[in-house]
Amino acid sequence: MSDCIFCKIARRDIPSEIAYEDDEILAFKDIQPLAPVHLVIIPKIHLRNLNDVTSEHEQLLGHLFGVIPRLAKEFGVAETGYRVVTNNGTDGGQVVGHLHVHLLGGQALNAAIG
């Protein structure tokens, strides 16, 4: 999708601090972090939100969630704990219309974060 900010980041049309990349997913540092570690992990294909996910995306999402513990370890939050959040739709707090997962950690997180 040409006007999606996360698609633009994936295409490198918009600069971002990349934390991880492979052929299917991209992880980058959130520009408005809510915790000392705040990464955004996206599939490179445009999926608006979880409602766009079908059985053909199971392997992709399994891969995405498989990378999260590796990123948590790399960023030093695997042992102390971290939060994984996916906001879905307007009422769910989704701001960018591209499926994404937040990895937050590096401090004790309360219910108000995420």
Side-chain angles (χ1 to χ4, degrees):
M1 180 167 272
S2 62
D3 61 340
C4 170
I5 190 167
F6 286 172
C7 288
K8 289 178 180 180
I9 289 171
R11 289 192 311 264
R12 300 296 201 280
D13 294 343
I14 296 174
S16 184
E17 194 169 344
I18 305 298
Y20 175 86
E21 181 176 19
D22 63 30
D23 291 341
E24 297 179 303
I25 65 171
L26 182 71
F28 52 92
K29 291 186 177 181
D30 195 295
I31 61 169
Q32 296 178 323
L34 299 177
V37 174
H38 187 166
L39 303 177
V40 178
I41 304 110
I42 64 168
K44 287 184 173 179
I45 64 167
H46 185 83
L47 296 168
R48 184 177 45 87
N49 59 35
L50 287 171
N51 295 335
D52 285 353
V53 173
T54 66
S55 60
E56 73 183 58
H57 302 113
E58 288 176 6
Q59 184 175 1
L60 170 65
L61 294 182
H63 173 57
L64 186 148
F65 276 90
V67 168
I68 290 171
R70 289 187 274 166
L71 287 168
K73 185 174 182 178
E74 180 181 333
F75 281 84
V77 298
E79 296 303 318
T80 56
Y82 56 95
R83 181 173 295 166
V84 176
V85 177
T86 302
N87 300 321
N88 197 70
T90 303
D91 285 353
Q94 185 177 5
V95 176
V96 178
H98 185 118
L99 178 63
H100 59 285
V101 176
H102 296 268
L103 185 157
L104 301 122
Q107 70 182 37
L109 301 172
N110 63 39
I113 294 180

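Only heavy atoms go into these numbers, but all of them, side chains included; no hydrogens, no water, no symmetry mates.
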**Report entry** Heavy-atom closest contact (D30 atom, Q32 atom, distance)
**Finding:** OD1-N, 2.7 Å
Requested in this report: Count the heavy atoms belonging to other residues, nucleotides or ligands that lie under 6.0 Å from CD1 of I5, then report whether that count exceeds 12.
Outcome: no
Query raised in the report: Would you say I42 and V101 are hydrophobically clustered, going by side-chain heavy atoms of ILVMFWY under 4.5 Å?
Result: no
Query raised in the report: Of the options V96, N87, N88, which is the one that meets N49 in a side-chain contact (heavy atoms from CB on, under 4.5 Å)?
Result: N88
Query raised in the report: Can you hop from F75 to L103 via hydrophobic side chains spaced under 4.5 Å?
Result: yes
Query - Nearest heavy atoms of K44 and H98, plus distance in Å - result: O-CE1, 4.4 Å
Report task. Starting from the C-alpha separation in whole Å, work towards a yes-or-no answer on side chain to side chain contact (heavy atoms under 4.5 Å, CB included) for L109 and Q107. Result -> CA-CA 6 Å; L109 301 172; Q107 70 182 37; 3.8 Å; yes
Report task. Could you tell me whether a side-chain N or O of H38 sits under 3.5 Å from a main-chain N or O of L34, the two making a donor and an acceptor? Result -> yes
Query raised in the report: What do you reckon, is CG of N51 surrounded by more than 12 foreign heavy atoms closer than 6.0 Å?
Result: yes
Report task. Verify the cluster assignment for I18 and F6: are they in a single hydrophobic cluster under the rule of side-chain heavy atoms below 4.5 Å apart? Result -> yes
Report task. Decide whether I41 and F65 are clustered together by the hydrophobic rule: side chain heavy atoms of Ile, Leu, Val, Met, Phe, Trp, Tyr closer than 4.5 Å, transitively. Result -> yes
Requested in this report: Return the minimal non-hydrogen interatomic distance between G105 and A35, and the atom names on each side.
Outcome: O-CB, 3.5 Å
Report task. Any chance you could lay out the side chain to side chain contact (heavy atoms under 4.5 Å, CB included) test for L99 and D52, step after step, and finish with the verdict? Result -> CA-CA 9 Å; L99 178 63; D52 285 353; over 6 Å; no
Query - Chi angles and distances behind the side chain to side chain contact (heavy atoms under 4.5 Å, CB included) call for H102, V84 - result: CA-CA 6 Å; H102 296 268; V84 176; over 6 Å; no
**Report entry** Within-4.5 Å side-chain heavy-atom neighbours: R12 and L26
**Finding:** yes
Query raised in the report: To the nearest 0.5 Å, what is the distance between CD1 (I45) and CD (E24)?
Result: 8.5 Å
Query - Residue pair V40 / I9, side-chain heavy-atom distance below 4.5 Å - result: no
**Report entry** Residues that Y20 engages under side-chain contact (heavy atoms from CB on, under 4.5 Å), provided they are two or more places apart
**Finding:** D22, I25, A27, H63, V67, R70, L71
Query raised in the report: Which heavy atom in K29 sits nearest to a heavy atom in S16, and how many Å separate them?
Result: O-OG, 4.4 Å
Query raised in the report: Just how far is it from atom NE2 of H57 to atom CG of L50, taken to the nearest 0.5 Å?
Result: 11.5 Å
Query raised in the report: Is Q94 reaching over with its side chain to a backbone N or O of R48, donor-acceptor style, under 3.5 angstrom?
Result: yes
Report summary line: A19 and E74 have their tightest heavy-atom pair at O-OE2, 4.1 Å
Requested in this report: Heavy atoms only: give me the nearest I68-Y82 pair and the separation to one decimal.
Outcome: CG2-CE1, 3.8 Å
